[in-house]
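In the text below, chain A, chain B and the rest are named by the order of the sequence lines, each starting its count at 1. The analysis underlying the following values was restricted to heavy atoms, covering all of them including side chains, and did not include hydrogens, waters or symmetry mates.
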2 protein chains.
Amino acid sequence: MHPALKQHLEGKLILSPEHERLIANCFKTRFTKRNEVLVEKGSIAKHLYFVVKGCLRVFLTDNDGNESTRFLIFEGRMGTAFPSFILKEPSVASIQSPESSELLVLSYADRDLLLQEIPGFETMYRTGLELDYIASIQRIESLITMDSKARYNILMQTQPEIIKRLPNKIVADYLGISQETLSRLKSKK
Amino acid sequence: MHPALKQHLEGKLILSPEHERLIANCFKTRFTKRNEVLVEKGSIAKHLYFVVKGCLRVFLTDNDGNESTRFLIFEGRMGTAFPSFILKEPSVASIQSPESSELLVLSYADRDLLLQEIPGFETMYRTGLELDYIASIQRIESLITMDSKARYNILMQTQPEIIKRLPNKIVADYLGISQETLSRLKSKK
DNA sequence: GTGATTTATTGACTATTGTCAATCTTTTTG
DNA sequence: CAAAAAGATTGACAATAGTCAATAAATCAC
């Protein structure tokens, strides 16, 4: 099993050697280039991704070519185009790796296998889901209660990594504002 | 067991009479008056609510008295101030019932009990969580990609109940816009 | 039912943010 | 390293949405 995944499971799951092997076999390693697209909008997201190195960006594009970042996934975290993955419907969002990345890829079928076979896996998965859901609730809150400056400040406090590592354009569309507005926010303090 | 709850579990869970009794005992009936507050901001949300009749509103208030609706829960659905409930931290949000309501209330401890004792309960709970998470992702999408008119139209399509049943003020702060803007959107088609 | 209270609408004005365009800077890639 | 591409900044203007205030309408509570 990849050490990064092992660390991720540390403390959350006690595994027999056999079960550990099963998990290791379900997660397939994949390397991506900078800006490589993993899931095209309109296709079905068939995998869950664990980011070993680099990051993933789940984003939306409209007919005018505008992009909006729905979600960012950094080292040690899992994610995908979740609605498509769960509902098995064509995805509204695409996924790309803004940085060249190393991923561990879990198929839907293998996720189900692990949920069924590994004692404690569903509880761990469910707990992770709760935390992801909480994060999305907090993002909704920031969108409905704050102006763009306040949202930027919160992002700076809670996920400075996003601001440091990713281009302004992505930071801006993650915040739901234009690149120019972000640029002005940054200069005005 | 309350017939509304029974219907909610229908097809999702096969229960022995014994397990059915256990579930019935964990959910306590509560009636609320119009605008009654169930959870005060700053307190810990210790319960999960199943709405039999009426509805619940999870909302935020700022220092100027502005309110924002984070979440609305109608008949046949469950919810609470989720981050507080899970993390056991003081809630940023309050909960009230905008209509006089009938609820089935499940404590955190009883939720854990059911998760442990009832076979299939965790899977059902997890699946429900996935769907709630998807709904929140879609709400984020509408907030970062659409203007207020488009968001209103989507709400009209997907949850017309919210618009029909609740006062404009609540609809507006659910959409993250001012009451006046909503009023103008409605008149301009 | 009726007065009182809450809610909704409308107007005038302001503030915030978006768009378009030009320029400057940084990064990438061969 | 250099040319090319991508990203960032800034200005001018437009559009969207917010605020404040007055009035109208609807709803509640007695």
Side-chain angles (χ1 to χ4, degrees), chain A residues 32-37 54-55 57 59-69 72 96-101 142-156 162-189, chain B residues 32-37 54-55 57 59-69 72 96-101 142-156 162-189:
Chain A
T32 66
K33 285 186 228 161
R34 187 178 134 80
N35 289 332
E36 184 170 333
V37 174
C55 81
R57 173 186 181 228
F59 66 106
L60 306 160
T61 47
D62 69 13
N63 298 330
D64 303 338
N66 298 314
E67 298 188 348
S68 300
T69 296
L72 294 164
Q96 68 169 182
S97 53
E99 305 171 354
S100 67
S101 302
S142 76
L143 288 166
I144 60 177
T145 64
M146 298 174 193
D147 64 15
S148 57
K149 188 171 184 176
R151 292 209 298 281
Y152 176 74
N153 290 339
I154 290 281
L155 188 65
M156 186 72 111
I162 289 181
I163 293 171
K164 279 180 214 144
R165 262 168 84 164
L166 296 171
N168 262 2
K169 197 180 171 178
I170 292 180
V171 176
D173 65 48
Y174 181 77
L175 287 168
I177 61 179
S178 73
Q179 197 183 159
E180 293 92 336
T181 297
L182 176 59
S183 179
R184 288 179 178 116
L185 287 179
K186 288 171 91 166
S187 64
K188 273 175 196 161
K189 191 198 102 57
Chain B
T32 65
K33 285 185 229 163
R34 188 178 133 81
N35 289 332
E36 183 170 336
V37 174
C55 81
R57 174 187 180 227
F59 67 105
L60 306 160
T61 47
D62 69 12
N63 298 330
D64 303 339
N66 298 314
E67 298 188 348
S68 300
T69 296
L72 294 164
Q96 66 168 185
S97 53
E99 306 171 352
S100 67
S101 302
S142 76
L143 288 165
I144 60 178
T145 63
M146 298 174 192
D147 64 14
S148 56
K149 187 172 185 175
R151 291 209 298 281
Y152 176 75
N153 290 338
I154 291 282
L155 188 65
M156 186 72 112
I162 290 181
I163 293 171
K164 279 180 216 145
R165 262 170 82 166
L166 296 172
N168 262 2
K169 196 180 171 178
I170 292 181
V171 176
D173 66 48
Y174 181 77
L175 287 168
I177 62 179
S178 72
Q179 197 182 160
E180 292 92 334
T181 298
L182 176 60
S183 180
R184 288 178 178 115
L185 288 178
K186 287 172 91 166
S187 65
K188 273 173 196 163
K189 194 204 101 62

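- Distance check, rounded to the nearest 0.5 Å: CG of A:Leu155 to CD1 of A:Ile162 gives 5.0 Å.
- Atom CD1 in B:Ile144 sits roughly 16 Å away from atom P in C:dT17 (whole-Å rounding).
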- Query: So A:Ile177 and A:Tyr152, side-chain contact (heavy atoms from CB on, under 4.5 Å) or not? Walk me through it.
  - Reply: CA-CA 10 Å; A:Ile177 61 179; A:Tyr152 176 74; 5.9 Å; no

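- Spacing between atom CG of A:Asp147 and atom P of C:dT14 amounts to 20 Å, rounded to whole angstrom units.
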Using nucleotides 11-13 of chain D, report all nitrogen or oxygen pairs with the protein that are shorter than 3.5 Å.
{"unit_1": "D:dG11", "atom_1": "N7", "unit_2": "A:Arg184", "atom_2": "NH2", "d": "2.6"}
{"unit_1": "D:dG11", "atom_1": "O6", "unit_2": "A:Arg184", "atom_2": "NH2", "d": "3.1"}
{"unit_1": "D:dA12", "atom_1": "N6", "unit_2": "A:Arg184", "atom_2": "NH2", "d": "3.3"}

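- In this structure, B:Leu185 places its CG atom 12 Å from P of C:dT10, rounding to the nearest Å.
- Rounded to an integer number of Å, the gap from B:Asp173 CG to D:dT19 C1' is 16 Å.
- Between the side chain of A:Ser101 and the main chain of A:Arg34, no donor-acceptor pair closer than 3.5 Å is present.
- Panel note: side chain B:Arg151, backbone B:Leu175; a donor-acceptor pair is recorded below 3.5 Å.
- The existence of a salt bridge linking A:Lys169 and A:Glu67 is excluded, since no basic side-chain nitrogen approaches an acidic carboxylate oxygen closer than 4.0 Å.
- Annotation: the span from B:Leu143 atom CG to A:Ser142 atom OG amounts to 9.0 Å, rounded to 0.5 Å.
- Across the protein-nucleic acid pair, B:Leu175 atom CG and C:dA8 atom P stand 13 Å apart, rounded to whole Å.
- Atom P of nucleotide C:dG18 and atom CG of A:Asp62 are separated by 14 Å, given to the nearest angstrom.
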Might you list the N or O atoms of the protein lying below 3.5 Å from N or O atoms in nucleotides 5-8 of chain D, with each pair's distance?
{"unit_1": "D:dA8", "atom_1": "OP1", "unit_2": "A:Asn168", "atom_2": "N", "d": "2.7"}
{"unit_1": "D:dA8", "atom_1": "OP2", "unit_2": "A:Asn168", "atom_2": "N", "d": "3.1"}
{"unit_1": "D:dA8", "atom_1": "OP2", "unit_2": "A:Lys169", "atom_2": "N", "d": "3.1"}

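- A:Leu182 comes within contact range of no nucleotide atom at all, as no heavy-atom separation falls under 4.0 Å.
- Note on B:Ser148: a side-chain N or O is less than 4.0 Å away from OP1 or OP2 of D:dA17.
- Under the 3.5 Å distance criterion, the side-chain polar atoms of B:Ser178 are matched with a main-chain donor or acceptor of B:Thr181.
- OP1 or OP2 of C:dG18 sits under 4.0 Å from a side-chain N or O of A:Thr181.
- Taking atom NZ on B:Lys164 and atom C1' on D:dA26, their separation rounds to 20 Å, with Å as the unit.
- Rounded to the nearest 0.5 angstrom, A:Asp173 CG and A:Asn168 CG are separated by 10.5 Å.
- Between A:Arg165 and A:Cys55, some side-chain heavy-atom pair lies under the 4.5 Å cut-off.
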